[in-house]
Amino acid sequence: MSAQVDPSPQAESSHSGPPAVARPTAGTEGRNRQKVVAFKVSHVLLSVFFLWLTIVHVIGILFFAKGFLLTRLVLDNKSECAVLPDGQPSKETNGCWHPKTFERAVIIIVDALRYDFTVPSTGKHFLDEPQQKFYLDNLPVLYDTAVAQPEHAFLLPFIADPPTSTLQRLKGLTTGTLPVFIDIGSNFAGTAIEEDNIVSQMKDAGKTIVHLGDDTWHALFPGYFDPNMTKPYDSFNVWDLHTVDNGVIEHIMPLLDQSPVQWDVLFGHFLGVDHAGHRYGPQHQAMAEKLRQMNGVIEEIMKKLGDDTLLVIMGDHGMDAKGDHGGESDDEVEAALWMYSKKPRFGRTHQDAMMPPKTAKERPVGQIDLVSTLSILLGLPIPFNNLGKPIAEAFAGPGRTNWKNLVRVEHLAQTQIARYQEHYSQSRDLGLDDDVYQDQTMHMRRSAEAVVNGYWEDAYGAHVDWHKEVIGMYRKLWANFNLADMLYGVVISGLALSFLLFFARFSKADRSIVTTSLLRSAGLGTAAGVAVGPVLGVVLPTYFTAVAGLVFGATVGGIISAGVWCYQNRVAKKFHFPSAWGGMAVIFVVSQSAGFASNSYTIHEDTILLFFLTTFGIMSMMSSLRQAYQADRVLGVYQSVLFILLARLASFSRLCREEQMPGCRSTFYASSTSSTSAPWQLLIPYLVALILPEIVKAFYRGTASYAGSAEFWIGFCLRLGLLLVAAYWTLDAADNGEWWRDRISSSTLQTIKITLARCALAVAVPVGMGTFIWAKPCIDISIVEPTAPVDETDAPARPQLTIFGYANAYGSRYFLMIPTLVLTVALLLPPMGQFTIAICAWQVLCLLEILDTNALSITSTSQSGIGPIMLALLGSYHFFKTGHQATLASIQWNSAFVPLRTIRYPWSPLLVILNTFGAQIICAAAVPLTVFWKRPLGKAGLKGLWNDVVNACLTHALYYATIQLATTLWAGHLRRHLMLYRVFMPRYLMASGVLLIVDVVLVVAALAGARVVGLSVGEVFGY
């Protein structure tokens, strides 16, 4: 059966003959079977090769992280009641180191209680801004009591140490230590605190401890709380404002009414204020209602309080203007602390301190100061690792300031910190100059002299100055970077990048053939490294442990062995300078990598990416004008202009980070009053549902490929799924805005929303993936019967058979995967995110047409890497346009609850990953399209097809590996930079995470999808 390809734009194959399927000969069938088997084996081997590269990336990242993120050595020492910090036995009978002031304590944490929530609005500079009225003047009891009864209560700004996530704040509030940045990754998977802390001291003292509310406490202190009176509640569902608070209120009041009292310390952790912030922001009526509720609860607790019971109300952190937290802005770190006693026990250090501060900038105290304060008030020893000092108002005494008592409690805290510092220095050298210790000694000598002379106020001042020196030292030098581990990580990542660069861009080898030998060589090198690695731990024990030496040796040995094998087998092609397009790709990647040395560049990365995309569009438009065929010129120019306009259109969706203010205006809100920043945005999902399928259909019809499964999946299923997504977000806005409050309950709306979300996922995953896996190529066959011959002597005409979609059989078949990912990611994104992800899919199609018209698709004759690199830039750009930044606060945690009511592992983290990195995932999955789109059938066979796909995937991974190594190098080099924790470290963590995610997507989606398409098309056309 002969076939002639029609060069028309529809690219149908036409021939004459009966509509019968050609029967291959036995020899041909055998050869085809061998090709299929070889294709499958090659896919398995290359998947293993990619997984090996992924493991190498993981090891490099872990080595660097181990040295870079190691910030504090946890000592297992514990303070003892009977032994003072100076080693002398304690003679105190009414307490441990100091006479206790209270027998019991009620400690209430109002999560995210920002300081300005507690002070009156009179005279505040933002009083005239009506949008901020909701969180003002709704919690007056704290301020009013501190003013009216200064000897019974005091209110102070309570400054948190970033990161301001709940778990890290609870660690600081109970241990009195400074946080470490990497702990932020465990914010939703906390592990038990093993170092000395105030809760364990309470338990050791035989106190009965009760906890109500946020179940995070039970991850930190398992088995510490009385099981009969304790009531934990799930803390992750930020959409639920009332369940936890109502549960705490329900159980705390009976406990306060107990007679006799069966508890000693009662912890209550309210979450409603924090959840109202996450869901609505502080400028919403829901925030006012929660604050008024807290005000009423506190007033009722005060009435039920015993004379010997201390009441503490505090926030663990604040919240920013959107209601989020996690960073270090003023609004996020400025919480509130209030202490109350029915008997007059508190005082002030000077007359100006009688009134609570009007702003958080006046007389703030650190959250690490709470541990030493509570320990002394309750007659407990100060935990060993504590770095905080006692809060003066709690020990100044009523009436005239008791400076002697203040000096005494300060001396206890100072002695304990000095003991901790001595033990810590013995375990790890901080590298401090002698001048630091001399300054500390000077303050201690000054304090001792003042005590001898009876100048207690001066002695107290000397103690405070000493503490400022010490805490300032730890804040500045706490990060003990292990330069050796950092170097090992850089070496591994650098070697992996070098090998990837060589294998992707400078290798002439047939990868389906050399992979077996290459993997064998890498395995031998790994085995040699395993044998030699532990020797490093013996020879260089200062730099390597046995395990670290083994892992490092195995990894480096594997990479070097693979590289040596490539050199020995001459798989390198002759070096040529890159083409203009290749040079452009190199400039984009290198300039972006170099730019991460600048915090300003990193902050405005989305603008830089827009410039790169626009530059590519302009260059492709100029190149299209030079094409020989008019059809290519017109199509290339049109798609290039459209590509530029779409990139510019997507730029209107933005979420500004704090450093970009005030010159940036957010149009995309990760958390706000609703899922939208304006009501009109609810129209976006419906427009996407109507327009996006038509756009995809138009590209398919350009090659007559809109047939078969494409009609069912794109024309019906995709539109249905997007309409379900639109309905979900409409109901979400209605629920948040309480549009139908009197008609439909919130629980009913929640049930309908989850049902719609699950239906959309059902369309995307089972139907979409099933269609992709089992569909036939998107082709249509037309048979035209011949007309009767005019002359009976003429030979009878044969039927005319036309195959529509022949020219894009590979591309149209593979693209069926992309709408599945688009639909899944769109479900998890608010309307502005759906707008951006639809533009991303459209730009992918534009890019494919640009590559085709300019002959830039990856084939055996053209190895341009511009296509995979532009897909990587496109994914990175739309990461920012879908409402994300390289900051913790931009993570849209609510996406975990779109189709779920509660946390479910591993689905909840997977949903957050899809929401956060959806654009990069879609673009990584689209990489084989740079090979498949309008690829002539049979060109170089399955082997050539597979080589080109692997080359494209390697080039795509090369971009992310380069960015990861660049951010690693700059973060390590700038480890003492002022903006390290705010800018450079988050970008490094993001680059590392994206690299691993893309590696996995290339294996499970791109390579697996290419195998499905190759076998599907080959089965039909016999290639």
Side-chain angles (χ1 to χ4, degrees), residues 109-119 126 132 134-136 139 156-173 178-185 187-188 214 216 235 238 269-284 287 290-291 314-337 357 359-362 364-370 475 603 655-662 664 666 669-672 884-894 978-983 985-986 989:
I109 297 93
V110 179
D111 208 292
L113 181 63
R114 208 165 70 188
Y115 184 73
D116 57 349
F117 291 2
T118 65
V119 295
F126 49 74
Q132 301 203 32
F134 292 109
Y135 62 78
L136 298 176
L139 187 58
L156 293 172
F158 199 39
I159 307 302
D161 292 292
T164 49
S165 49
T166 295
L167 185 139
Q168 276 63 47
R169 291 294 79 243
L170 293 184
K171 287 184 176 181
L173 288 168
L178 297 173
V180 288
F181 187 92
I182 193 58
D183 274 357
I184 205 164
N187 191 40
F188 301 101
D214 185 350
T216 304
S235 62
V238 296
H269 194 144
F270 292 89
L271 291 174
V273 172
D274 179 65
H275 288 187
H278 282 299
R279 182 168 182 179
Y280 300 109
Q283 304 164 15
H284 192 269
M287 179 62 72
K290 293 308 300 184
L291 291 174
M314 61 180 169
D316 54 343
H317 50 74
M319 65 175 67
D320 62 19
K322 301 188 305 296
D324 294 326
H325 57 89
E328 53 184 327
S329 66
D330 288 347
D331 285 344
E332 292 172 279
V333 302
E334 293 174 352
L337 173 68
T359 70
K361 306 300 181 185
E362 306 170 35
V365 297
Q367 289 195 352
I368 59 173
D369 297 342
L370 180 69
R475 290 186 191 280
I603 290 168
L655 178 70
C656 303
R657 54 188 293 164
E658 182 187 354
E659 296 84 357
Q660 294 174 332
M661 304 301 288
C664 179
S666 292
Y669 290 94
S671 298
S672 64
H884 299 97
Q885 290 282 353
T887 59
L888 178 75
S890 71
I891 298 177
Q892 300 168 26
W893 299 108
N894 296 339
L978 179 65
M979 303 297 285
L980 173 67
Y981 291 107
R982 184 187 289 265
V983 176
M985 183 181 286
L989 293 174

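Side-chain atoms are counted along with the backbone in the values below, which use heavy atoms only and exclude waters and symmetry mates.
Here the CG atom belonging to L136 is positioned 11.5 Å from the CE atom belonging to M287, to the nearest 0.5 angstrom. Between the CG atom in L170 and the CD1 atom in I109 there is a gap of 7.0 Å [rounded to 0.5 Å]. With rounding to the nearest 0.5 Å, the separation of CE in M319 from NE2 in H278 is 7.0 Å. In this structure, NE2 in H269 is found 3.5 Å from CG in D111, a value given to the nearest 0.5 Å. Once rounded to the nearest 0.5 Å, the distance linking CD1 of I603 with SG of C656 reads 12.0 Å. Interatomic distance, CG of D214 versus CG of L271, reported as 4.5 Å (0.5 Å rounding).
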Take D330 and K361 through the side chain to side chain contact (heavy atoms under 4.5 Å, CB included) test and state the conclusion after the steps. CA-CA 10 Å; D330 288 347; K361 306 300 181 185; 2.8 Å; yes
Step-by-step side chain to side chain contact (heavy atoms under 4.5 Å, CB included) determination, V110 to M314: CA-CA 6 Å; V110 179; M314 61 180 169; over 6 Å; no
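When side chains are defined from C-beta on, I159 counts as touching E334, because their heavy atoms get closer than 4.5 Å. Counting heavy atoms from C-beta on, the side chains of L113 and F270 never come closer than 4.5 Å.
No donor-acceptor distance shorter than 3.5 angstrom exists from the side chain of Y115 to the backbone of P364, with no hydrogens or angles considered. Q367 places a side-chain N or O within 3.5 Å of a backbone atom of D316 that can act as its donor or acceptor partner.
D274 approaches A112 most closely through the heavy-atom pair OD1-CB, 3.5 Å. Taking all atoms of both residues into account, the shortest heavy-atom contact from V119 to P357 is CG1-O, 3.7 Å. Nearest heavy atom pair, residue K290 against residue V273, reads CB-CG2, 4.1 Å.
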